[in-house]
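Read the numbers this way: they start at 1 and go in the same order the structure lists the ligands and their atoms. Residue numbers run from 1 in the order of the sequence given. Here the structure is a predicted model, which means the values were calculated and not measured.
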Amino acid sequence: MFKIAKYPDPILRKTAKPISDFNDELKKMASDMAEVMYEDDGIGLAAPQVSKSLRLIVIGLGHGDFKTYVNPEITFFSKEKTKTDEGCLSLPKIFGDVIRPKKIHVKYYDLDGQVHKEKLKGIDSVILQHEVDHLNGILFIDRVEKINQGQELLDALKKQLDEQAK
Ligand SMILES: [Zn+2]
């Protein structure tokens, strides 16, 4: 079973690579990711969070079901914004307000390599934007407006990162 990579693991800062082989290994990876996501009560998970630098996201649909986005590309962001108290499995016990576009359009591939286009709004839009950020090495703490919970923990982790850099 996969283990969740936690901040400040450097894998979380890498730009993930596009997927070109839609094989059984990919399907297995997606279902293993969904398993660990449900295990940790997550609602979305990106492959870099299980130390795989690939453009693959799973989103929980409830009751163990999940949806997979391969090589997702956000093609439209609305001007209208929305504020959400976000958290992340890679930053446990830390929560904060993030302002993001309210609506997006996304182009992505499913596990069989079929292309899809989708319009998302509300929480579905926020979750997907958070996960696509992971594919680009971006974390919600980079965009946070106000930390609501775990400021001290975040400060300690950032200090740990500074020490590593020395
Ligand atoms: Zn996250």
Side-chain angles (χ1 to χ4, degrees), residues 1-19 26 29-62 64-74 77 81-109 111 118 120-161 164:
M1 187 141 139
F2 284 133
K3 237 184 105 198
I4 305 272
K6 305 271 165 66
Y7 178 84
D9 189 324
I11 187 89
L12 297 170
R13 291 307 195 180
K14 283 173 93 173
T15 300
K17 290 193 180 66
I19 287 163
L26 183 69
M29 197 191 301
S31 70
D32 286 354
M33 279 171 61
E35 200 182 327
V36 70
M37 174 184 74
Y38 273 105
E39 186 85 8
D40 280 26
D41 292 323
I43 45 179
L45 193 69
Q49 293 181 275
V50 294
S51 304
K52 300 278 181 194
S53 203
L54 293 167
R55 304 189 82 80
L56 172 66
I57 288 168
V58 296
I59 301 290
L61 301 173
D65 290 336
F66 65 94
K67 181 167 179 168
T68 309
Y69 292 83
V70 180
N71 301 338
E73 202 182 313
I74 300 175
F77 295 93
K81 311 275 185 191
T82 183
K83 184 166 85 177
T84 314
D85 185 34
E86 293 191 22
C88 180
L89 292 181
S90 295
L91 286 142
K93 300 189 177 83
I94 298 167
F95 296 89
D97 289 338
V98 181
I99 294 169
R100 298 183 186 271
K102 197 169 188 176
K103 296 174 186 170
I104 57 169
H105 296 176
V106 60
K107 180 188 163 201
Y108 67 98
Y109 295 83
L111 289 170
E118 202 173 71
L120 296 175
K121 58 180 180 179
I123 193 67
D124 296 331
S125 161
V126 168
I127 294 169
L128 199 74
Q129 289 179 65
H130 175 119
E131 301 308 334
V132 170
D133 272 354
H134 275 299
L135 306 183
N136 298 320
I138 299 166
L139 299 169
F140 85 91
I141 51 169
D142 305 338
R143 301 192 186 276
V144 77
E145 193 173 78
K146 181 167 117 350
I147 294 287
N148 295 322
Q149 200 182 310
Q151 182 71 63
E152 280 181 24
L153 180 59
L154 181 59
D155 290 344
L157 290 169
K158 281 184 172 168
K159 204 175 155 198
Q160 195 181 316
L161 183 65
Q164 275 173 17

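- A salt bridge does not link Arg55 with Glu131: none of the charged nitrogens is closer than 4.0 Å to a carboxylate oxygen.
- Heavy atoms from other residues, nucleotides or ligands lying under 6.0 Å from OH of Tyr109 number 12 at most.
- Tally of protein N, O or S atoms closer to the Zn ion (ligand 1) than 2.8 Å: 3.
- Heavy atoms from other residues, nucleotides or ligands lying under 6.0 Å from NZ of Lys81 number more than 12.
- Using modelled atom types and a 3.5 Å distance limit, the side chains of Tyr108 and Lys67 yield a donor-acceptor pair.
- In this structure, Asp9 does not pair ionically with Lys3, as no charged nitrogen and carboxylate oxygen lie closer than 4.0 Å.
- Considering all non-hydrogen atoms of both residues, Tyr7 and Lys158 come closest at OH-CG, 3.5 Å.
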